[in-house]
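Below: the structure, in structure tokens.
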Amino acid sequence: MAIWLTKESKVIVQGMTGSEGSKHTKRMLAAGTNVVGGVNPRKAGQKVSFDGVELPVFASVSDAMASTGADVTVIFVPPQFTRGAVVEAIDAGIPLAVVITEGVPVHDTAAFWAYNLAQGERTRIIGPNCPGIASPGASNAGIIPADITGSGRIGLVSKSGTLTYQMMYELRDIGFSTCVGIGGDPIIGTTHIDALAAFQADPETDAIVMIGEIGGDAEERAAEFIKGNVTKPVVGYIAGFTAPPGKTMGHAGAIISGSAGTAEAKQAALEAVGVKVGKTPSETARLMRQIMSGN
């Protein structure tokens, strides 16, 4: 089983005819994702071939949904057009929008997230500036490599795309139910807490890996949520233990204010609620192996 993205998910790609959209549509199809079309108002009515698979191009998300039954959109559009693309997806009422685009202005993200809330949060937004979501063996929506792990019973949520891939590889022999890269911008649509709640409710996820990083208080808030709501074992990793003091590292959201947001503070908050925290990705994987083996 998987959260949010399953084998039955029907995926469209906003920006499918662009260079990045085209490249990753091809990769998603190769991974077995049920991609059913793309959106580009200027090329509506055309068809695009991907290694023999012909996909229609629609004028809008609502048109694509009406014609194909799509329930997931992956957004590969330039930053200046991302706000409009997400609002269009929200207006269409698509259940899941995966926003890959990097460099989206924070005020644009704030605007489309506020708009989503005003519309009753009908659309789950993952991202922006994220690698997407993959349910190994079932579907892959975004840019996560499809061949580095198999299906299994670990859930993974991560701010970092690169660390998502590394953890998937480290635990490839055990496998994952779903891997969610939520992105590292200051404002994102789906949080650690959202993913933790979904994995807790998923009967085929037995344990959870949560990857965070220095800056902000998302991991501390996740720790408080785990304390009252998560009974499954959680292993954590915080990127940035070796970051030089006073330096802004990594994502735009990795900003430390005083003692708040440091790797040490996040580790302490997680360990206080029973989460085992590794100092390196390899150590984190080892801790998860111990849990999965019953040791």
Side-chain angles (χ1 to χ4, degrees), residues 1-11 28 31-34 69-72 94-98 121-126 130-142 144 146-159 163-165 167-182 189-212 218-219 221-237 270 273-278 284-295:
M1 193 170 177
I3 65 167
W4 302 330
L5 183 74
T6 70
K7 195 171 186 64
E8 289 70 41
S9 298
K10 294 181 178 180
V11 178
M28 287 188 279
T33 305
N34 186 19
D71 52 12
V72 178
I94 201 161
L96 177 63
V98 182
E121 224 172 327
R122 295 178 300 171
T123 298
R124 170 164 298 284
I125 299 170
I126 297 177
C130 77
I133 176 172
S135 297
S139 191
N140 188 315
I144 295 175
D147 57 355
I148 53 176
T149 195
S151 60
R153 301 182 69 90
I154 301 172
L156 171 63
V157 55
S158 173
K159 278 185 177 179
L163 290 174
T164 299
Y165 316 151
M167 194 56 60
M168 290 169 68
Y169 182 78
E170 295 264 6
L171 294 168
R172 63 194 181 280
D173 54 322
I174 300 176
F176 293 83
S177 54
T178 301
C179 305
V180 188
I182 58 175
T190 291
T191 66
H192 286 115
I193 291 173
D194 296 326
L196 288 165
F199 285 131
Q200 172 67 21
D202 177 19
E204 295 187 15
T205 296
D206 293 340
I208 306 164
V209 179
M210 189 187 92
I211 299 176
E219 294 79 5
R221 286 185 281 113
E224 188 62 30
F225 179 82
I226 290 168
K227 180 180 179 180
N229 300 278
V230 179
T231 59
K232 296 177 180 180
V234 181
V235 172
Y237 172 65
L270 288 167
V273 298
V275 175
K276 295 182 177 181
V277 180
T284 307
R286 180 181 60 79
L287 292 170
M288 179 52 73
R289 286 182 182 281
Q290 290 176 350
I291 289 170
M292 297 302 285
S293 66
N295 294 329

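A search for side-chain contact (heavy atoms from CB on, under 4.5 Å) contacts involving Ala197 returns Phe225, not counting sequence neighbours. With sequence neighbours left out, the side chain to side chain donor-acceptor pair (under 3.5 Å) criterion links Asn34 to no other residue. Taking the salt bridge (Lys or Arg N to Asp or Glu O under 4.0 Å) definition, one finds that Asp173 meets it with Arg289, sequence neighbours left out. Every residue was checked against the salt bridge (Lys or Arg N to Asp or Glu O under 4.0 Å) condition with Arg122, not counting sequence neighbours, and none meets it. For Thr164, the side chain to side chain donor-acceptor pair (under 3.5 Å) test picks out Ser158, with sequence neighbours left out. Every side-chain contact (heavy atoms from CB on, under 4.5 Å) that Ala207 has, sequence neighbours left out, goes to Pro233, Met288, Ile291, Met292. Residues satisfying the salt bridge (Lys or Arg N to Asp or Glu O under 4.0 Å) criterion with Arg221, sequence neighbours excluded, are Asp217. For Thr190, the side-chain contact (heavy atoms from CB on, under 4.5 Å) test picks out Trp4, Arg124, Ile126, Ile182, Asp194, with sequence neighbours left out.
Counting only residues at least two apart or in different chains, side chain to side chain donor-acceptor pair (under 3.5 Å) contacts with residues 223-234 comprise Gln200-Thr231.
Scanning all heavy atoms of the two residues, the minimum distance from Ile211 to Leu163 falls at CD1-O, 3.7 Å. Among all heavy-atom pairs drawn from Ile148 and Arg172, the shortest one is O-CB, 3.2 Å. Nearest heavy atoms, Glu204 versus Ser177: O-CB, 4.2 Å. Thr6 and Ala138 get closest at one heavy-atom pair: C-CB, 4.3 Å. Considering all non-hydrogen atoms of both residues, Arg153 and Pro203 come closest at NH2-O, 3.3 Å. Minimum heavy-atom separation, Gly278 to Thr284: CA-OG1, 3.5 Å.
The structure places CD1 of Ile174 at 9.0 Å from OG1 of Thr149, a figure rounded to the nearest 0.5 Å. One distance of note links SG of Cys130 with CD1 of Ile144; it measures 8.0 Å at 0.5 Å rounding. Distance check, rounded to the nearest 0.5 Å: CD1 of Ile226 to CE of Met210 gives 5.0 Å. Residue Ser135 holds its OG atom at 11.0 Å from NZ of Lys7, rounded to the nearest 0.5 Å. The distance from atom CG of Leu171 to atom CG of Leu156, rounded to the nearest 0.5 Å, is 8.5 Å. For the atom pair CD1 of Ile154 and CD1 of Ile208, the computed distance is 11.0 Å after rounding to the nearest 0.5 Å.
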Run the side chain to side chain contact (heavy atoms under 4.5 Å, CB included) check on Phe199 and Ile3 step by step: do they pass? CA-CA 7 Å; Phe199 285 131; Ile3 65 167; 3.5 Å; yes

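Although no hydrogens or angles enter the test, the distance criterion places no donor-acceptor pair under 3.5 Å between the side chain of Thr178 and the main chain of Ala2. Between the side chain of Thr123 and the main chain of Ile125, no donor-acceptor pair closer than 3.5 Å is present.
Residues Arg286 and Glu170 are not in side-chain contact: their nearest non-hydrogen atoms beyond the backbone lie 4.5 Å or more apart.
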